[in-house]
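This one's a predicted model, so the numbers in the text were calculated from it and none came from an experiment. Residue numbers begin at 1 in each chain, while the letters A, B, ... track the order of the sequences.
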Number of protein chains: 2
Amino acid sequence: MSDKTICPRFESALDILNKRWTGLIIFQLLEGAQRFSTIESVIGISGRVLSERLKDLEKSGIVKREVYNETPVRIEYSLTEKGRALEPVIKSIQQWAEGWMDGESSAK
Amino acid sequence: MSDKTICPRFESALDILNKRWTGLIIFQLLEGAQRFSTIESVIGISGRVLSERLKDLEKSGIVKREVYNETPVRIEYSLTEKGRALEPVIKSIQQWAEGWMDGESSAK
DNA sequence: ACACTTAGTTACATAAAGTAAGTTATTTAT
DNA sequence: ATAAATAACTTACTTTATGTAACTAAGTGT
């Protein structure tokens with residue numbers, strides 16, 4: 001009731017995007033549908049958190065989960081239209097990174 | 001030595017941007033230089049974390065800290081050129097948010 | 001001396017993320 | 001038939017990050 005918020009939509013967008021790993025997951029899925037274990041090993045996230053993030057992203061309509069009954073089962077995650085609409089965001093971060101980051105040294 | 005990274009610059013950019021509060025702090029500073037207590041109350045971050053974030057952002061050259069010896073002392077934080085270069089990123093998030101988020105319901 | 005203001009910091013509590021082993025279901029190997 | 005393998009998770013437990021609230025330092029005003 002006293003939650004003053006400077007820009008509600010922007011802030012709820014950040015609630016999603018500003019979580020650890022979300023950016024990389026979306027970046028990775030922009031390459032196309034991928035399975036759990038691929039994402040896990042490519043971006044180096046733990047299975048526990050990847051599972052959690054994918055559920056969050058599915059719930060917010062950014063990611064779609066599809067089951068293929070092959071053997072062993074294949075489950076693929078891909079971006080929805082809403083998710084693909086994030087491409088300009090990712091691209092703008094990339095452009096900034098190319099212009100201003102020096103690959104090596106950084107915060108951490 | 002085994003840290004496979006899909007895009008080093010992009011990932012180090014995310015190391016900074018993808019931290020909680022960083023997006024909002026930059027959004028807020030795009031309005032102009034501001035003091036600690038203003039940022040703290042406007043975005044609703046705790047002093048402990050704000051202090052930590054501002055130091056990180058200063059270290060990565062995104063934010064500049066300036067001391068004015070008035071009384072009581074006034075300290076202003078503002079964006080450097082590198083920081084202002086993030087405006088397109090913030091704008092693209094805003095555009096996405098306007099097109100795809102519905103102000104209210106969202107991931108918690 | 002005492003209170004007030006800004007800009008922090010410190011100590012402690014809670015929440016989020018990392019690690020590694022376990023689960024379920026199905027298939028292939030022995 | 002039993003054992004091992006694989007994918008996609010989940011569970012239990014540890015470590016790290018964030019939140020809360022009280023406290024410090026320096027300068028002014030009363």
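Between B/S37 and C/dA7 there is a side-chain polar atom (N or O) within less than 4.0 angstrom of OP1 or OP2. Of the side-chain N and O atoms in B/S51, one or more sit less than 4.0 angstrom from OP1 or OP2 of C/dT9. OP1 or OP2 of C/dT9 lies within a sub-4.0 Å distance of a side-chain N or O belonging to B/K55. An OP1 or OP2 oxygen of C/dG18 is reached within less than 4.0 angstrom by a side-chain nitrogen or oxygen of A/W21. An OP1 or OP2 oxygen of C/dT10 is reached within less than 4.0 angstrom by no side-chain nitrogen or oxygen of B/R48. Checking the phosphate oxygens (OP1, OP2) of C/dA17, a side-chain nitrogen or oxygen of A/R53 falls inside 4.0 Å. Between B/T71 and D/dG27 there is no side-chain polar atom (N or O) within less than 4.0 angstrom of OP1 or OP2. The phosphate of D/dC9 (OP1 or OP2) has a side-chain N or O of A/R65 nearer than 4.0 angstrom.
Taking the charged nitrogens against the carboxylate oxygens, A/D102 and B/R9 have no contact shorter than 4.0 Å, which rules out a salt bridge.
For the pair A/I45 and B/G47, nearest-nucleotide mapping onto DNA chain C gives the more 5' position to B/G47.
As judged by a 4.0 angstrom heavy-atom cut-off over every strand, A/E52 is placed among residues touching the sugar-phosphate backbone only. No engagement by A/Y68 is indicated, since no non-hydrogen atom pair under 4.0 Å with the nucleic acid exists.
The local environment of CD in B/E70 is crowded, with over 12 non-hydrogen atoms from other residues, nucleotides or ligands closer than 6.0 Å. Shown here is A/E81, whose CD atom has no more than 12 heavy atoms of other residues, nucleotides or ligands within 6.0 Å.
Side-chain contact between B/R74 and B/N69: absent, with no pair of heavy atoms (C-beta onward) separated by less than 4.5 Å. A/N18 has its side chain out of reach of B/R20: every pair of non-hydrogen atoms, C-beta onward, lies at least 4.5 Å apart.
Atom P of nucleotide C/dT6 and atom CZ of B/R74 are separated by 12 Å, given to the nearest angstrom. Atom CD1 of A/I75 and atom P of C/dT24 are 16 Å apart (whole Å). In this structure, B/Q34 places its CD atom 15 Å from P of C/dT6, rounding to the nearest Å. In this structure, CG of B/L54 is placed 14 Å from P of D/dT18, rounded to the nearest angstrom.
With hydrogens and angles ignored, no donor-acceptor pair closer than 3.5 Å exists between the side chain of A/R20 and the base of C/dA17.
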